[in-house]
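What follows is a short report on a single structure.
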Amino acid sequence: MAKWKACRNCKALTTENRCPICGSDDLTYNWEGIVAITDPLRSQLAKMLGHEKVGMYALRVW
Ligand SMILES: [Zn+2]
């Protein structure tokens, strides 16, 4: 997972230079923990973390 970056805005993980979820280019290698959101409408975890779209997210970004 070394090439993966996390978005500082929404915590989405990506290998691109731009966040696929919110479009931000404020990405960082400083993240840890992975959450996969597959069903944001039903997932309590997605609600708790504030993720509204399917995707991979970091638990912590700094
Ligand atoms: Zn983002």
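We count ligands from 1, going down the list as the structure has it; atoms in each ligand are counted the same way.
Residues I37 and I21 share a hydrophobic cluster, clusters being chains of Ile/Leu/Val/Met/Phe/Trp/Tyr side chains in contact below 4.5 Å.
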- request: Apply the test side-chain contact (heavy atoms from CB on, under 4.5 Å) to residues L27 and C19: give CA-CA distance (whole Å), side-chain angles for both, the deciding distance (0.1 Å), then the verdict.
  value: CA-CA 7 Å; L27 308 174; C19 173; 4.2 Å; yes

- request: For side-chain contact (heavy atoms from CB on, under 4.5 Å), just list the numbers for K5 and N17, CA-CA rounded to whole Å, side-chain angles, deciding distance to a tenth of an Å, and then say yes or no.
  value: CA-CA 8 Å; K5 290 168 277 189; N17 292 321; 3.0 Å; yes

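Here salt bridge (charged side-chain N to carboxylate O under 4.0 Å, His left out) pairs that include residues 27-38, with residues two or more places apart or in two chains, are E32-R60.
Within 6.0 Å of atom NZ in K47, more than 12 heavy atoms from other residues, nucleotides or ligands are found, so the atom counts as buried in its surroundings.
You'll find the side chain of Y57 stays beyond 4.5 Å of the side chain of L49, heavy atoms only.
Around the Zn ion (ligand 1), protein N, O or S atoms at less than 2.8 Å comprise C7 SG, C10 SG, C19 SG, C22 SG.
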